[in-house]
Amino acid sequence: KTLSKKLLTACLALMVAVVMADPRLRLEHMQQVQDIASGKLVPITPYATSQNLNVPFYSQENKHYCGPATTRQTYRFFLRTDVNLPSQSQIASALGTTTDGTDTNKIATYLNNAFGLGYQVLWYWDNSTLPTLVTNNIGTGAPIILHVSISNANAGRNGINDTSKWPYTTSGHYMNLNGYTDSGRVCNVTDPYADRVSGYSSGKYSVTYTAVNNAAIEPSSKFYISEE
């Protein structure tokens, strides 16, 4: 499905969300997709004011494996077992990961092929839509794959409980966004690089919606992947 150039050029940041297929939810997401495609986002009532998905943490094996590590975290979440869980190296090979990183579209295709679900790239264009997209997608039981670029102005926290900024800077990085809390307007992330930062050995921390919006990988490109 192709959206208009008007929508594409109005985008502000980059993120990827994978939504688990569930027949009970299909109608709601068809409506959400239709509204986004028409340029009108009608909020769907969130399932809860706070929710967290139990995404496992896997430390990325080298500096350019954030894509394979995050894909493995997502894969394990859907697989629900360690049996036949591919390694980061196997995933990197399948995704064509290089020292320059991993193609986002290949991550979506890989997960789609692995679980037989229909994912599509959808674009949205307003920072105010992020909380609705997060609550709807997490509410279906599927973690988001977030791609961020974090500048000096958006990094530098006063400990793990400071949610206003990110714990480090990066020119491009993948991680899972796996939960949210409406009070405080924060997202929970599982970050394959976080254990390299003092105090973040669990790979899990929270960050505000504002900080997520500010962590744009490409100012003109903001999208997520959802069920068709």
Side-chain angles (χ1 to χ4, degrees), residues 14-22 51-121 134 137-138 140-150 160 166-179 187-207 212 215 217-218 223-228:
L14 170 64
M15 64 184 302
V16 183
V18 181
V19 177
M20 181 168 57
D22 185 334
Q51 188 168 355
N52 191 65
L53 302 178
N54 189 26
V55 173
F57 165 69
Y58 297 127
S59 178
Q60 63 187 76
E61 295 176 357
N62 59 50
K63 65 180 182 180
H64 55 277
Y65 264 25
C66 60
T70 301
T71 302
R72 190 170 192 255
Q73 291 176 169
T74 311
Y75 195 111
R76 175 61 178 80
F77 176 83
F78 285 117
L79 191 63
R80 310 292 183 186
T81 177
D82 289 330
V83 177
N84 297 322
L85 177 65
S87 67
Q88 289 186 37
S89 294
Q90 289 173 319
I91 293 173
S93 178
L95 298 178
T97 299
T98 69
T99 54
D100 292 326
T102 304
D103 186 312
T104 305
N105 290 317
K106 290 184 179 179
I107 293 177
T109 299
Y110 179 81
L111 292 170
N112 180 50
N113 290 341
F115 296 100
L117 303 176
Y119 301 137
Q120 59 180 333
V121 176
V134 170
N137 288 319
I138 298 300
T140 67
I144 291 166
I145 296 175
L146 182 68
H147 196 202
V148 296
S149 177
I150 304 167
I160 195 167
W166 298 88
Y168 57 85
T169 62
T170 176
S171 59
H173 182 57
Y174 288 104
M175 66 181 73
N176 284 115
L177 192 162
N178 54 278
C187 303
N188 304 328
V189 301
T190 303
D191 181 351
Y193 182 83
D195 61 333
R196 291 163 168 80
V197 181
S198 177
Y200 293 83
S201 59
S202 69
K204 294 178 178 289
Y205 56 93
S206 298
V207 65
V212 172
I217 189 66
E218 208 176 307
F223 67 88
Y224 75 108
I225 299 172
S226 177
E227 182 189 4
E228 291 181 335

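Keep in mind that what you see is a predicted model, and the values were worked out from it rather than measured.
- When side chains are defined from C-beta on, Lys204 does not count as touching Val189, because their heavy atoms never get closer than 4.5 Å.
- The backbone N or O of Cys66 sits less than 3.5 Å from a side-chain atom of Thr70, completing a donor-acceptor pair.
- Side-chain contact between Leu53 and Gln51: present, with at least one pair of heavy atoms (C-beta onward) separated by less than 4.5 Å.
- Side-chain contact between Thr74 and Val55: absent, with no pair of heavy atoms (C-beta onward) separated by less than 4.5 Å.
- When all heavy atoms of Cys187 and Val212 are compared, the closest pair comes out as SG-CG2, 4.3 Å.
- Across every non-hydrogen atom of His64 and Pro68, the tightest pair is O-CD, 4.3 Å.
- Looking at Tyr193 and Ser59, their side chains never come closer than 4.5 Å, going by heavy atoms from C-beta outward.
- Taking the six-membered ring for Trp and thresholds of 30 and 60 degrees, Tyr205 and Trp166 have ring planes more than 60 degrees apart, a perpendicular arrangement.
- Contact between Phe57 and Gln73 at its shortest, heavy atoms only, is CA-OE1, 3.6 Å.
- Looking at Pro192 and Tyr58, their side chains never come closer than 4.5 Å, going by heavy atoms from C-beta outward.
- When all heavy atoms of Tyr75 and Phe115 are compared, the pair lying nearest together is O-CZ, 3.5 Å.
- Ile91 has its side chain within reach of Leu95: a pair of non-hydrogen atoms, C-beta onward, lies under 4.5 Å apart.
- Ser201 and Asp195 share no donor-acceptor pair across their side chains, judged by distance under 3.5 Å alone.
- Side-chain contact between Ile144 and Asn176: absent, with no pair of heavy atoms (C-beta onward) separated by less than 4.5 Å.
- Annotation: side chain to side chain donor-acceptor pair (under 3.5 Å) contacts of Thr97 (sequence neighbours excluded): Thr102.
- Asn188 and Asn52 share a side-chain donor-acceptor pair at under 3.5 Å.
- When side chains are defined from C-beta on, Gln60 counts as touching Arg196, because their heavy atoms get closer than 4.5 Å.
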